[in-house]
K.L.:
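Got a structure here, written out as structure tokens. Questions coming.
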Amino acid sequence: ETPTDTLVIAKNIDDIITLDPAEAYELTGIEVVTNMYDRIMRFEPTDINKLVPGVAESYAASDDGKTITFKIRKGMTFASGNPVTAADAAYSLQRVVKLDKTPAFLITQLGWSKDNVDQMVTAPDADTLKITITEDFSPSLVLSLMSSVVASVVDMQTVKAHEVDGDMGYAWLKSNSAGSGAYTLKAWKANDSVVLEANPSYRGGLPAMKRVVIKHVPEPAAQRLQIEKGDIDIARDLTGDQVAGIAGNKDIVVNTIPQATLYYVGLNLKFKPFQDVRVRQAMHYLVDYDGMVNSFLKGSMKVHQSFWPSGFWASLDENMYTFDPAKAKALLAEAGYPDGFAVELDAQNSSPGANIAQSIQSTMAQGGIKVTIIPAEQKTLLTKYRARQHQMLLVYWGPDYMDPHTNADSFARNPDNSDSPKSKPLAWRNSWDIPEITKMTDAAVRERDTAKREQMYKDLQKKVMEEGPFIIMFQDTKQVAERANVKNFVMGPSADVVYFNLTTK
Amino acid sequence: MTGSLRQWLASDQPASRRQAVLGNLARGAKAIITNPAALTGLLIVIALLIVALFAPLIAGRISPIAQDLAARLAPPSSAHWFGTDELGRDIYARTVHGARVTLTIVMLVAVFVAPIGLAVGTAAGYLGGWVDALLMRITDIFLAFPRLVLALAFAAALGPGIENAVIAISLTAWPPYARIARAETVTIARSDFIAAVVLQGAASARILFRHIVPLCLSSVIVRLTLDMAGIILTAAGLGFLGLGAQPPTAEWGAMVSSGRDVILDQWWVATIPGLAIFIVSLGFNLLGDGLRDVLDPKNA
Amino acid sequence: MAGGTEMKGLAAGRPAFAVVRRFAAFLGSLLLTFLGLTAVTFGIGRFIPVDPVLAVVGDHATRAVYDKTYLAMGLDRPVPVQYLIYLRKLVSGDFGQSVMTSRPVLSDLMQFFPATFELATIATLIGVIIGVPAGVTAGALKGRWPDHLVRIVGLFGYSMPVFWLGLVGLFVFYGKLGWVSGPGRLDVAYDDIVTSRTGIILVDSLIEGEWAVFRNAIAHLILPAGILGYFSLAYIARMTRSFMIEQLSQEYVVAARVKGRSFWGAVWHHAFPNIMVALITVIGLSYASLLEGAVLTETVFAWPGLGLYITHSLFNADMNAVLGGTLMVGAVFIGVNLLCDLLYKIFDPRLRTQ
Amino acid sequence: MSEPPLIEVEDLNVSFPGRGGLTRAVRGASFSLGRERLGIVGESGSGKSTTGWALLGLVPRPGIVTARRMSLSGTDLLSLGESDWQSLRGRRMSMVMQDPKYSLNPVLRVGRQIQETYRLHHRSSAAEARRHALAMLEAVRIRDADQVFHLYPHQLSGGMGQRVMIAMMLIAEPDLLIADEPTSALDVTVQNQVLRILDDLVTVRGMGLIFISHNLTIVSSFCDRVLVMYGGRIVEECKADELDRAKHPYTRALIRAAPSLASYQPELSVVVRDPEWLA
Amino acid sequence: MIEVSNLAVTFRNGGRPVHAVRGVSFSVAEGETFGIVGESGSGKSTVLKAVAGLCATAGPSLTINGAAMGAKRSKAERRLMQFVFQDPYGSLHPRQTVDDMLREPLLIHGVTGVDAKVAEALADVGLEPQHRFRFPHQLSGGQRQRMAIARALILRPRILLLDEPTSALDVSIQAEILNLLSRLRRGYQLTSILVSHDLAVVAHLCSRIAIMQQGLLVEMLDVESLRRGQAKEAYTLELIAASRGYARAGQVTGSLLPAGKGSDMAGLARAVAVESRPGPSQGSGRD
Ligand SMILES: Nc1ncnc2c1ncn2[C@@H]1O[C@H](COP(=O)(O)OP(=O)(O)OP(=O)(O)O)[C@@H](O)[C@H]1O
Ligand SMILES: Nc1ncnc2c1ncn2[C@@H]1O[C@H](COP(=O)(O)OP(=O)(O)OP(=O)(O)O)[C@@H](O)[C@H]1O
Ligand SMILES: [Mg+2]
Ligand SMILES: [Mg+2]
């Protein structure tokens, strides 16, 4: 049994490599950061669908949309006792740009750089944060970005106190916290656990759970045994079959939460047959979407074929393709491949990737396509993917922030298809050279009329679904098993919206 | 007819080399057959061979890779003797076909490990001096290496797949063999019968390959049969980490590992291939013990 | 290891000199082994098809971030240069930083190794305490039912995949019977009660006299240690058996019986001391291999040990961590070997003379 | 003298079941022994050692021992239980084996091995056992017994090892000692010393000795009586000094086969085996 | 034929030097059989091995047929002399049949007519054709030693080195082997060196006998003097006495002991003194 004031979560946490909000970009890392830092804008746990001011109390955009002024909430303090001021917020953003770690692109795409960020992000007084952007981005996108992990506000004084060689506290903040969120970091032991302690000065009030322990339990079956025994309160990684196995247990409640992650197969156009759009479409017809979702993916995936997940603004929920070998064969014959062809599919070696790949292999065979599966560790897979050396590759993609641009930027934009481009969006990785569609994407991000913009994204999604080199199949849904006495464990579609502070038991 | 053949084989006065060789084989075979444990082992190994050779016949018309998502995770029944796995594939057919893969792994490892171990060990033991020092230092390095890291690294470097898993396992498995072979060579090299060959003017290579290696071979073979279980399980371990056989190939280790998610509710998915591994390693172990008794000159 | 290469020189005869020379040779071979280990590991780092930069910056990083990290990690230099730099740092005791944990590799090792050490030690103890008597009995009663029993039980341990045994063990002893605690090293309620001195919870809790923590740690430890112990038991029993059979055919055993020793007296008081050296080798090797960390067991039991750490680092091309881990394992291996050598001399007077 | 003979054996048979059927190692051997030196000679494999083992109840598995009668000072050996055997072995009868290199436990100090025999049969303190052991070492003419006491077998020369072994087997003062080729691993010079010790034991302590050897010269010069074994049978029994007048053709052939230092014969005579001898 | 001058052999036993042979000189004439006796560990086998080129010697000390021999020998030099080992169990390859072992030297030297030669060699040593395909463990000790002799002779060497060829055998078998050896020696006109610790055996085969003790050659006798017991060294006398059998207390030792030349008991006392000195044993070569 777990202590009454402690929330114990079992999860595979081996993805954490840092807990610095300027660097954290792994799911578990972001989740922990979310609970330790307040952000400029945010989705409150009480309504995770609505973007609201966080550390900021209000905001106002200039007419040209290039400058946004935030008013900082009054009376807030960091866990250290220091007051939260606009200077902290400005410092936090500047710090991200200056450190220039992985997630920095979220805000550097606004036109900020090491050299100009001190001018673009300013705190004219203790309550006012002013940001200016140079790029042509719609303000709603900018506000979304201010709710991302890099917009976490750090305690400038504390961080500066731990500065070493002008590293802006980088070395220290990896494994320490300096925020105004609901929790502070007690300990992070790699491959073992993360322990959080409630922050009494949190603006949302003292959380009921004084301590949150996230235990590293890599084996889902072990998680299941633990939750059945009541040794943990929440199991995060149960598979569909395991959830089915505990269905009759009255002590356990399973919540299903759609996620923003998409599972898709990338078809590299360097592989000759895929250059024909009819082949790409045929491939779409050779996946048994419903079969999988109703069997081994039951509860853990839902069918979704466009590049922006459903449940979010501007998503396109109609699915074009069903499993139809006859149609696929016809298309393949038209394209000149009546007998199909042999192709390699790189896939993750663990579930669900391994099983999805095997199902695809089996159904594609019905269209005459002989698939050889090459299983690999996730990191190996990505290395290969980024070098465009695959033929087919099964992988997942999660949006970086809650605006369709994040995915459009990757799925529907490829400004430079040469072998060493400035960035490697998914379209590039699949050698999909699309000057037209790239323009459409660029237009959409600039559009300031929300309705028009929504339509543009829907069109883009349709276009990619019809022609693109992506067999987008599923949208992830998480099944979280909780002990029946656990209430209000708030979990949204991404790691940015997992909150522990309202939980009681 | 059989009676005279038996006599011909059992003759203690063979008239030709062929008769002598066959007679010795026959005596060895008899020694194994009359030892219940060794016989059990032999039968298991033979059964494995038969199952592997005739897998398609034995599995009937059921395909080991045909998926039936509707009938997934079905318990053992008359339709699916051993039940079905998470993709609705027939576990009986997969277990039967898996024998092939398992046998391939085991044989390939044997083909790699024994020669490497023997070559390194006997050369070091016989030549001595700096050759010995160098070879044994290399052996030590490989021995002191975290085995799984080495195997994983090689498997990862070479890419997944049975062949590469085999290479990876072999590369980590040879050092103990080299050690055994060296230790044995050192004693053999000191023996009078080797001195006798030296005195006859034989060259080092001849002494190594014709006189020393055959003597080390038997203990290496015995050790190898005893290691079979370990080899299958290491392959399974690599499979568990995604570096073994490629899907949808039925491989026992991979089958066990893919069944572990459902082990608490659908025990058969992981347990049946696990039992197969157990039985086969049992077979090899028993046979190995029997072989050791037969090959040991003291028991002849 | 200590091959004692023949040297024909004037100094060879002088004992003091010989000792110095032996020691130097030993140090030299040690150094060579470590050099070999690091070189091979470094080579592996080049081989594995994982982009080490990717492990740091993640999939979504921009080109600029990627390039910067690439340079920061020194990957632009030629591999031999990188190796030399690594070696130079190593000499000053710097194992580098782990990418995966953002900590110095050395402190990572100090965290992960005690967990493995605790598990491996208890497992080996179980293996020895049960395996040795079982093996002796089986060897002494060769061909009779206790022999068959030990062999079959041992073989079962030998042949069942550890993750199968682990999960089934958890299901039965933790899930159904509730005799043991589940995965992990401690229940949450007992976390952070004792300060970590050695990292070995059993020891730390004893130092502070926290019996509840000690009991809880035991409850967590017993199943994974039991399962690993079963494996080493199977191996130890099997080897003990064959050593025993060998010794029991020796004449001094008969001599002991002629003196009036009972059969079991001869087995335990005469044959047994003679298998000690071989047995120590076997136990040492199996202990060393457990100290490498058992990745699969650690996965199943959520045991934050060395095996998991090294494997995880490897998959993330975290070469500093892999190198550090490899050196650690190498050191352990060599240490165990040394210990064995020492024990040999205690148990076999024939090896003492030199 | 109404005292029963030390050993009485009647129709002793020992056989070993094996792959090729039953090996009959001893076939119907009968003899008795008083407090004297009885030599057993015969070629390799003739069953000499096996006879010795049978007397000690230590015929290795799966050997089968049968006899019409086998007794030690009147005690029936055939009906003994294992614990009776244990108290008998070492205490009442003992055995010295051919090669000290293999018969002494290599990892135990010789002193301890000697003491062990004593303490197995006498309730005594360690100090007392030690005193006895040292005395025994001196009795087998080892000087510096104090030092030798602490040595390991590999530190002893062959002759010393053999004496240690004798000390170990005699410390409990058995009535009967079976010496199985106790000198064939030794140099001729050392051999004499060992024989002398054995000789003293018989003459001074009145112990019975069975001396197994295939060296006729030694047996004939050392023993009182000689049994000649061939193929598991006792083919001849005679007084040692009458060996040159032996009747059995095998014995006679055996005597002639040995080269002699005193005289040269160009061709040594060879034993021509007669199947009749086994009948 | 064989000229050994100041032969010295030093082994290294775990760093400690063992001077197994310390300056031994003798010569053996063509056709002669030369005997070496001595106690265990006195260096008899080592002398033979040095002559055969099986162990390194300190400096050039060996000429055969006038040619100096080193430790490294050519095939032809090897062919000149062969060796019969003491232990018939250890000197035969356990996994080769008699046939294999006899063919091996012929194959090495590229001799033709292998089958006939093997058959002939078997016949020479009195082995039956049925033994040809047996493994060593299927042969008796006497048969093994015959096999070893056949192997040594199949290349028609000029020199035969015999290291206690009969000491592992019992008397009846020993007689057969000794007879075989004297016959072959005459038939092949072999020059040989025989090592034994049994004086009677040496006297039976040899014309001259060297006595070794602790690596030194202490005395050289011809066989007649040996038979008559005309030795100078106490140690030799002791050997001679011992080979007469056991002398019971009070019993007069055989007439072989010349008066005044020390007695059995004196030798015994000295030996006891030597033996009782505690310390690491010489440890014989077999282990
Ligand atoms: N444990 C055993 N199993 C089977 N046969 C055995 C066993 N021990 C002895 N024999 C057989 O019994 C017979 C007599 O053996 P034993 O050892 O008594 O002979 P021995 O006269 O002592 O010979 P040696 O002089 O060589 O010591 C031999 O044929 C031998 O093979
Ligand atoms: N390979 C070796 N390494 C070290 N020492 C050796 C070696 N071979 C022989 N010796 C030592 O050299 C000495 C002479 O040995 P050698 O074998 O020549 O004696 P031997 O007279 O033949 O004795 P035995 O009668 O026991 O055969 C002994 O002290 C022996 O221990
Ligand atoms: Mg015997
Ligand atoms: Mg010798």
K.L.:
Considering only heavy atoms from C-beta outward, does the side chain of L37(C) approach that of F145(B) to under 4.5 Å?
P.N.:
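Counting from C-beta outward, L37(C) and F145(B) do come under 4.5 Å.
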K.L.:
How far apart are the C-alpha atoms of L32(C) and D140(B), what are their side-chain angles, what is the distance that settles it, and do they pass the side chain to side chain contact (heavy atoms under 4.5 Å, CB included) test?
P.N.:
CA-CA 10 Å; L32(C) 224 69; D140(B) 273 347; over 6 Å; no
K.L.:
Ignoring hydrogens and angles, state whether a donor on the side chain of N285(B) or R151(C) is under 3.5 Å from an acceptor on the partner side chain.
P.N.:
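Note: N285(B) and R151(C) side chains miss the donor-acceptor criterion.
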K.L.:
Side chains of T271(B) and V168(C), heavy atoms from C-beta outward: is any pair under 4.5 Å?
P.N.:
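Of all side-chain heavy-atom pairs linking V168(C) with T271(B), none is under 4.5 Å.
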K.L.:
Looking at chain C, which one of I277(B), I263(B), L275(B), I279(B) has the largest number of heavy-atom pairs inside 4.5 Å, strictly under?
P.N.:
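Between I277(B), I263(B), L275(B), I279(B), the count favours I263(B).
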K.L.:
Need one label for T41(C): side chain, backbone, both or neither, based on atoms under 4.5 Å from any heavy atom in chain B.
P.N.:
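For T41(C), backbone and side chain are both near chain B.
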K.L.:
Given a strict heavy-atom distance threshold of 4.5 Å, which part of T139(B) is in contact with chain C: side chain, backbone, both, or neither?
P.N.:
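Looking at T139(B), nothing touches chain C.
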K.L.:
Any chance you could measure L264(B), atom CG, to L170(C), atom CG, to the nearest 0.5 Å?
P.N.:
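Atom-to-atom, L264(B):CG and L170(C):CG are 8.5 Å apart.
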K.L.:
Working to the nearest 0.5 angstrom, can you tell me the gap between W164(C) CH2 and F278(B) CZ?
P.N.:
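Reported to 0.5 Å precision, the distance equals 10.0 Å.
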K.L.:
Once you round to the nearest 0.5 Å, how far does CZ of R137(B) lie from CG of L35(C)?
P.N.:
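Here the rounded value is 11.5 Å.
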K.L.:
For I138(B), is it the side chain, the backbone, both or neither that has a heavy atom under 4.5 Å from a heavy atom of chain C?
P.N.:
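No part of it gets close to chain C.
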